Each structure stands twice: as C-alpha cells, then as structure tokens.
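Heavy-atom basis, side chains included; hydrogens, waters and symmetry copies ignored. Values in this document were obtained by computation on a predicted structure and should not be read as measured data. Throughout, residue positions are numbered sequentially from 1 according to the sequence presented.
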Amino acid sequence: MCFAEYVTLSISQNLPISGVLNAMRVCVLGCQKHHSFSKASRNHEVISIENYLKLPSAILKIATYCNEHNSKYQNFCPQHDKICCSVCISEYHTTCCGLKSLQEIVKTSKESAWLENIEANLKDMRYNYDNIKKDREQDLASVRNQRKHFHEEIKQIREQINSHLDLLEQQIIKELNAAEHKIKSAFETLISQITEKINTVETLQGNISSVKEYASDLQTFLGSKSLETEVEREKTYLKSLFQDGVFIKTKLNVT
C-alpha cells in the first residue's frame, strides 16, 4: 500500500492521523528508496507527509484507483470524459477513440487551463459578491435614511395641523417601520447568504492554492474536475442573483 492509499484509508476509517505518523514516515522512507530504484516508478512524485496533509479533505478522499475493478487508473477517455483502468477499457471503452495515457495527461495538469479557468471564475465571483454585498449594505443605509426623512416630514406636518394628524402620524410611522423591517429582513437574509457564498469562494480559492502547491499531478487532475463542478454551481447561483435584479434600488412606499 502506498502512502496516499494509507492516509486515505486512515481518513475513511476515522483513524487518528497523529498516531500513525511515525510509522508512516518509516514507510515513506522505504517508498522513496523503492521508487528511486524501480524503473517503473522512477519518475513518480513523492511528497512529504506534512504537505500531503495540507491538501483539502475532498482532494485526499479522491480515489486514485478504480473501485469497481480494484485496479489503478491508467487511461483517460475524452469521449466519455472519464478516467479508466485496464478492465474498464475492455468492458466499456472498446469502441472509444482517442484514449489517452493518464500518466502523460497529469504531467501538465497544474499548467493546464482548468485551474486557471477555475481561479478566474472564483476571482470574478468574489468580485461580484463583494459588489453585491457592498451595494445592498449601502441600499439598506439608504432605506434607513429614507425612513428618517419621512419621519421628519411627518413631524413638521404634525406641528401645523390638528390632533387628527397625531393619529395619522402613528399610522404612517407604523407602515414605514413595517416596510423598513420587511426590506431589512430581506436584505439581511440576502447579505447573510452572500457572506456564506464569499466564504465558499474563499474556501475554494484556498483549495485551489493547496492543490497547486501540494497536490500530485493525478490529484490535481481529479481535484480540478471536482472543483470545477463546485464553481459551476456557484456561478449558477450568482447568475440567478443578476436575473432577479439584485442591483435594483429599493424605495419605501407608503399607502
């Protein structure tokens, strides 16, 4: 069992990582000697335990072997956009054209456009979320000022008319407060959601950085596809905000 499989197994079984680090270090030293002498694995990447454990848990849990056939992935099928082992090829990809060596593909995974595109999408989403949050906060302040303005106008009128205006003032203030409260609740909910989305984007940005710095080529290739799926989900949510008119200015209305 290689180091990555050992750690992945420990995580899946909820075993304490700290309790096996010393034994794993001995294992890694032995693996390094084996990989350096073995012709088949001489070019394999070897990373430190510390760097390996810095990877996001989602990346660590990605299997580097076929669960269906218990064989290591060896090829990538562009036609089905799937990685496959030798058994997968014989069962599902016999008629597929353009099968590529996974070992060759992953060599350039960190320099591929995937990560750059994901990073660009995350940066763009963070920019838009920041703008939405700032705009809604400013709009909320504007609503608050509008309410104050209406309140002052009512007070000025109250000084000029009879006691009937006292009742009218109470009614209108109640409506204004209710309208502001309704808008405020909606805005605070939206701002809270946007804040969560910003945290999500920051987490994905951190995952991207970790992958670029610490992941193996195979982990980078597999992790990029997983991260790309999450980014597409966030882009769909962001698009829905624009379609719902998130930047439309809000004004208080009283009847």
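- With respect to Leu122, the side chain to side chain contact (heavy atoms under 4.5 Å, CB included) criterion is satisfied by exactly one of Gln205, Glu234, Glu202: Gln205.
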Go through it in stages, so that I can follow the logic: the residues are Tyr73 and Gln103, the test is side chain to side chain donor-acceptor pair (under 3.5 Å), and I'd like the CA-CA distance, side-chain angles, deciding distance and then a yes or no.
CA-CA 9 Å; Tyr73 290 125; Gln103 184 177 0; over 6 Å; no
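- Once rounded to the nearest 0.5 Å, the distance linking NZ of Lys148 with CD of Glu152 reads 9.5 Å.
- The 12-atom threshold is exceeded at NZ of Lys249, counting heavy atoms of other residues, nucleotides or ligands nearer than 6.0 Å.
- When all heavy atoms are compared, the tightest approach of Leu115 to Ser224 is CD2-OG, 3.3 Å.
- Minimum heavy-atom separation, Pro78 to Lys100: CG-CE, 4.1 Å.
- With hydrogens and angles disregarded, no donor-acceptor distance shorter than 3.5 Å links the side chain of Ser142 to the backbone of Gln138.
- Put simply, Phe150 and Leu140 are part of the same group of oily side chains (I, L, V, M, F, W, Y) that touch within less than 4.5 Å, one to the next.
- Remark: Lys235 pairs with Asn121, Met125, Val231, Glu232 by the side chain to side chain contact (heavy atoms under 4.5 Å, CB included) rule, at least two apart or across chains.
- A distance of 4.5 Å separates CD1 of Ile132 from CD1 of Ile194, quoted to the nearest 0.5 Å.
- Side-chain N or O atoms of Thr200 include one that pairs as donor or acceptor with a backbone N or O of Glu196 at under 3.5 Å.
- Residue Ile198 is grouped with residue Tyr237 when hydrophobic side chains (ILVMFWY) are merged at heavy-atom distances under 4.5 angstrom, including chains of intermediate members.
- Under the side-chain hydrogen bond (donor to acceptor under 3.5 Å, both in side chains) rule, Tyr92 has a single partner from Lys82, His80, Glu68, which is Glu68.
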Walk me through whether Glu175 and Gln171 qualify under side chain to side chain contact (heavy atoms under 4.5 Å, CB included).
CA-CA 6 Å; Glu175 291 176 355; Gln171 179 181 352; 3.7 Å; yes
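- Rounding to the nearest 0.5 angstrom, the gap separating the OG1 atom in Thr250 from the NZ atom in Lys184 is 15.0 Å.
- Note on Val143 and Ile191: separate hydrophobic clusters, where clusters join Ile, Leu, Val, Met, Phe, Trp and Tyr whose side-chain heavy atoms are under 4.5 Å apart, directly or indirectly.
- Salt-bridge annotation for Lys133 and Asp130: absent, with no side-chain N of the basic residue lying under 4.0 Å from a carboxylate O of the acidic one.
- In this structure, Val201 is a member of the same hydrophobic cluster as Leu241, with clusters built from ILVMFWY side-chain heavy atoms closer than 4.5 Å.
- Among all heavy-atom pairs drawn from Asp217 and Val106, the shortest one is CB-O, 2.8 Å.
- The shortest side-chain heavy-atom distance between Leu99 and Ile89 falls under the 4.5 Å cut-off.
- Using cut-offs of 30° and 60° for the angle between ring planes, the Phe242 and Phe247 rings count as tilted.
- Counting heavy atoms from C-beta on, the side chains of Gln193 and Lys197 never come closer than 4.5 Å.
- Considering every non-hydrogen atom in both Cys88 and His93, the closest pair reads O-CD2, 3.3 Å.
- With sequence neighbours excluded, no residue forms a ring-ring contact (aromatic ring centres under 6.0 Å, His included) with Tyr129.
- The line from NZ of Lys72 to CD1 of Ile83 is 13.0 Å long, rounded to the nearest 0.5 Å.
- More than 12 heavy atoms of other residues, nucleotides or ligands shown are found within 6.0 angstrom of NE2 on His69.
- For the atom pair CZ of Arg144 and CG of Asp139, the computed distance is 11.0 Å after rounding to the nearest 0.5 Å.
- Contact check for Gln219 versus Val211: no side-chain heavy atoms found under the 4.5 Å cut-off.
- One hydrophobic cluster holds both Phe187 and Leu176 under the rule that ILVMFWY side chains link at heavy-atom gaps under 4.5 Å.
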As a quick check of understanding, evaluate side chain to side chain contact (heavy atoms under 4.5 Å, CB included) for Cys66 and Cys84, giving each step before the final call.
CA-CA 7 Å; Cys66 177; Cys84 44; over 6 Å; no
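- For the atom pair His164 NE2 and Leu168 CG, the distance stands at 5.5 Å (nearest 0.5 Å).
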Evaluate side chain to side chain contact (heavy atoms under 4.5 Å, CB included) for Thr220 paired with Lys212, printing each intermediate quantity in order.
CA-CA 7 Å; Thr220 300; Lys212 294 181 69 176; over 6 Å; no
In sequence, state the C-alpha distance, the side-chain angles, and the governing distance for Glu228 and Ile118, and then conclude on side chain to side chain contact (heavy atoms under 4.5 Å, CB included).
CA-CA 6 Å; Glu228 188 177 32; Ile118 293 173; 3.8 Å; yes
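- Enclosure of atom NZ in Lys182 is not indicated, since only 12 or fewer non-hydrogen atoms of other residues, nucleotides or ligands lie within 6.0 angstrom.
- Between Leu102 and Gln74, every side-chain heavy-atom pair lies at or beyond the 4.5 Å cut-off.
- Checking side-chain atoms of Asn128 against main-chain N and O of Asp124 turns up a donor-acceptor pair under 3.5 Å.
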